[in-house]
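In what follows, a structure is listed as structure tokens, so that the remarks can point back to it.
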Amino acid sequence: MEVIIRPDKEKAMELVAKLIINAVREKPSLVLGLATGNTMEPLYAKIAEIHKREKVDFSLCRTFNLDEYVGLKAEHRNSYRHYMNEHFFNKINIDLRNTHLPSGTAKDLDRECEKYEQKMKECGGIDFQLLGIGKSGHIGFNEPLSAFFSRTRVKALTPTTIAQNSPLFDRPEDMPKRAITMGVGTILEAKRIVTLVVGSSKAEILAKAVEGPVTSMVSASALQLHSKCVVIADEKAAANLQGRDYYRWIFNNEPEWDEFR
Ligand code: F6R
């Protein structure tokens, strides 16, 4: 795992935007794993802006989102399908038929999860997985104690996650208490993972995920097991990291990051 610290959330987000754009340019048919949430909104706006300015082509790109709420129709303003269309897909030249999210209203949810895994496989697996980290330490909606070998399935959300996301609902009590999520095992199979974490509210959990023991109590700590994972954080989120100086040195000196300085 590599940790990159940028001075503020704009710089962190810009770096992730560039990594995604570069990956799409390198492989136009990229299979992109996507996340939702507050952290990703300005990121998607930034990518859409670069797409427009520099004519980046998403027409062959395939996407798979990490998760969807159980019980919300695609048209619901809080569904992740709605979020993705509004914040990203409608602003770039992607073919909506190439964008995938599990359906939270499928009659047979287990079958829906199996089908989702199958679709990913048929596309050759995820090339580039974008992640955020929740206050509960989740990636996707893999709440504490999610098995590291878990696959796409229905997961009950923790009170921490419900407190984090329910203010986004008109009536917070309407937030679903369950979601379909890719498993930790599914996520770990991505060829490359980029995790964006910003803000002081994430400092405590980020330190546990990156420098703490690998434990299913903190799903994001599983990322330590991945051979090509970078965590990009702003100074606020990085505040509790012991290795801050070393991580800053990496960005400022390693050739891999030359073009991004
Ligand atoms: C949602 C997802 C979640 C979020 C996490 C952080 O698709 O993958 O793991 O990334 O809950 O959310 P924000 O950015 O709202 O703090």
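Both counts, for ligands and for their atoms, begin at 1 and track the order of listing.
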Subject >> Proximity flag Lys135 to ligand 1, non-hydrogen atoms under 4.0 Å >> reply: no

**OP:** Compute whether any side-chain donor of one residue and acceptor of the other, for Arg81 and Thr99, lie under 3.5 angstrom apart.
**Re:** yes

**OP:** Could you find the nearest protein heavy atom to atom 1 (C) of ligand 1 and give me its residue, atom name and distance?
**Re:** Thr36 OG1, 3.1 Å

Original post:
Side-chain contact, heavy-atom cut-off 4.5 Å: Phe58 with Thr63?
Top reply: no

Original post:
Where does Leu66 meet ligand 1, judged by heavy-atom distances below 4.0 Å: at the side chain, the backbone, both, or neither?
Top reply: side chain

Original post:
Below 4.5 Å, heavy atoms only, C-beta onward: do Glu117 and Lys121 meet side chain to side chain?
Top reply: no

Original post:
Looking only at heavy atoms, is any part of Asp67 under 4.0 Å from ligand 1, and if so is it the side chain, the backbone, or both, or is it neither?
Top reply: side chain

Original post:
Does ligand 1 have any atom sitting under 4.0 Å from a heavy atom of Met40?
Top reply: no

Subject >> Contact check, Ile133 vs ligand 1, heavy-atom distance below 4.0 Å >> reply: yes

**OP:** Return yes if some donor-acceptor pair links the side-chain N/O of Glu112 with the main-chain N/O of Ser103 below 3.5 Å, else return no.
**Re:** yes

Original post:
Identify the closest protein heavy atom to atom 11 (O) of ligand 1: which residue and atom is it, and at what distance?
Top reply: His138 NE2, 2.7 Å

Original post:
Do the side-chain N and O atoms of Ser146 and Arg153 include a donor-acceptor pair separated by under 3.5 angstrom?
Top reply: yes

Original post:
Within a strict 4.5 Å, meaning less than it, do heavy atoms of the Phe64 and Met182 side chains meet?
Top reply: yes

Subject >> Lys/Arg-Asp/Glu bridge criterion (N-O < 4.0 Å) met for Arg97, Asp95 >> reply: yes

Original post:
So which of Asn38, Thr39, Leu131 gets nearest to atom 15 (O) of ligand 1, if we judge by its closest heavy atom?
Top reply: Asn38

Original post:
Between Gln129 (side chain) and Lys191 (backbone), is there a donor-acceptor pair under 3.5 Å?
Top reply: no

Original post:
Which option, Gly140, Gly132, Ala35, Gly137, owns the non-hydrogen atom nearest atom 9 (O) of ligand 1?
Top reply: Gly140

Original post:
In terms of atom number and element, which parts of ligand 1 are under 4.0 angstrom from non-hydrogen atoms of Lys202?
Top reply: 6 (C), 13 (P), 16 (O)

**OP:** Could you find the nearest protein heavy atom to atom 12 (O) of ligand 1 and give me its residue, atom name and distance?
**Re:** Gln164 NE2, 3.4 Å

